[in-house]
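First comes the structure, then the notes that go with it.
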Amino acid sequence: RAADDAALFDAARSADDGFRIPATVANAILDGEQPVKAWREHRGLTQEVLAEKAGISKAYLCQIETRKRVGALKTLRALADVLAVSINELQED
């Protein structure tokens, strides 16, 4: 059994991409926070700075963070790039 455990561990380690979701972000999302907002706050960015770097208006970012708009795929890609996360981390189910 130890050999099986070692093989499973080695397989998991080789498939690990090194990406981790910080506890503060995970907990905020689990508590109902919108993912873009959780990541933005974790990165220490204001809405103004994130919107400018992503090439969108602050109003549009605010609508995404308050769930009034979903955000176009192009927009989510730009936000993900600025936040240094995959687009999957920003999408809600």
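Between Leu45 atom CG and Leu83 atom CG the span is 6.5 Å, to the nearest 0.5 Å. Residue Leu76 holds its CG atom at 6.0 Å from CD1 of Ile64, rounded to the nearest 0.5 Å. Atom-to-atom distance recorded for Leu61:CG and Thr75:OG1 is 10.0 Å, nearest 0.5 angstrom.
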Problem set entry | Evaluation steps, side chain to side chain contact (heavy atoms under 4.5 Å, CB included), between Leu73 and Ile87 | CA-CA 9 Å; Leu73 189 58; Ile87 193 169; 3.3 Å; yes
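Across Arg20 and Trp39, no two heavy atoms sit closer than the pair O-CH2, 4.4 Å. Of all heavy-atom pairs between Gln34 and Glu65, the closest is CB-O, 3.3 Å.
Listed by chain and residue number, Lys37 satisfy the side chain to side chain contact (heavy atoms under 4.5 Å, CB included) test with Glu41 (two or more places apart in sequence, or in another chain). Among residues two or more places apart in sequence or in another chain, the salt bridge (charged side-chain N to carboxylate O under 4.0 Å, His left out) test is passed with Arg67 by Glu92. The side chain to side chain contact (heavy atoms under 4.5 Å, CB included) search around Asp4 returns none, not counting sequence neighbours.
Residue pairs that meet the ring-ring contact (aromatic ring centres under 6.0 Å, His included) test with at least one member in residues 58-89, sequence neighbours left out, do not exist here. Sorted by first and then second residue, the salt bridge (charged side-chain N to carboxylate O under 4.0 Å, His left out) pairs with a member in residues 46-56 read Glu48-Lys58; sequence neighbours excluded.
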Output a table of donor-acceptor pairs, distance under 3.5 Å, between side-chain atoms of residues 21-33 and any protein atom two or more places apart or on a different chain; print 'none' if there are none.
unit_1: Thr24; atom_1: OG1; unit_2: His42; atom_2: ND1; d: 3.3
unit_1: Asn27; atom_1: ND2; unit_2: Ala23; atom_2: O; d: 3.2

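A single hydrophobic cluster is not seen to contain both Val70 and Leu79; linkage of ILVMFWY side chains at heavy-atom distances under 4.5 Å, directly or through other members, places them apart.
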